[in-house]
Amino acid sequence: MAKGSNIVHQYFKKEIEGVKILVKVNPILYTGSEITVDAEGHAELRELEFDEGIFEDLKADEFEEASPLEFNLYLNGLV
């Protein structure tokens with residue numbers, strides 16, 4: 001079995017001035033991905049490394065919980 005395959009990721013989202021930001025966090029390894037979608041629908045993916053304070057940071061930045069489905073639809077270019 002692949003390393004990390006049993007990890008349940010956590011997903012968050014925020015919209016700022018027509019730009020949607022979706023974040024996937026691996027709560028064990030503190031790694032993840034961020035998708036930024038501009039007003040025209042163009043998406044950019046970044047791989048990220050976090051620290052233990054990521055959940056407090058996301059809350060302070062007013063991110064809300066999101067669904068894995070929404071994140072993966074954007075990841076695969078289906079929306």
Point-to-point distance, once rounded to the nearest 0.5 Å, from OG1 of Thr31 to CD1 of Ile7: 7.0 Å

hydrophobic_cluster_shared for Ile28 and Phe55, side chain cutoff 4.5 Å: no

Heavy-atom closest contact (Ile21 atom, Ile16 atom, distance): CD1-CD1, 4.1 Å

Validation row: Val37, Val79 side chains within 4.5 angstrom (heavy atoms): no

Distance-minimising heavy-atom pair for Lys13 and Leu22: CB-CD2, 4.2 Å

Non-hydrogen atoms of Ile35 and Leu45 that approach each other most closely: CG1-CD1, 3.7 Å

Separation of Tyr11 OH from Leu69 CG (nearest 0.5 Å): 10.0 Å

Residues that Glu65 engages under side chain to side chain contact (heavy atoms under 4.5 Å, CB included), provided they are two or more places apart: Phe12

Check: Lys14 side chain, Asp61 main-chain N or O, donor-acceptor pair, under 3.5 Å: yes

Hydrophobic cluster partners of Val8 (side-chain heavy atoms under 4.5 Å): none

Residue pair Lys20 / Tyr74, side-chain heavy-atom distance below 4.5 Å: yes

Closest non-hydrogen atom pair, Glu15 against Gly18: OE2-CA, 3.9 Å

N/O donor-acceptor pairs under 3.5 Å from side chains in residues 47-54, not counting sequence neighbours:
{"residue": "Glu47", "atom": "OE1", "partner": "Ser33", "partner atom": "OG", "Å": "3.0"}
{"residue": "Glu47", "atom": "OE2", "partner": "Ser33", "partner atom": "OG", "Å": "3.2"}
{"residue": "Asp51", "atom": "OD1", "partner": "Gly53", "partner atom": "N", "Å": "2.9"}

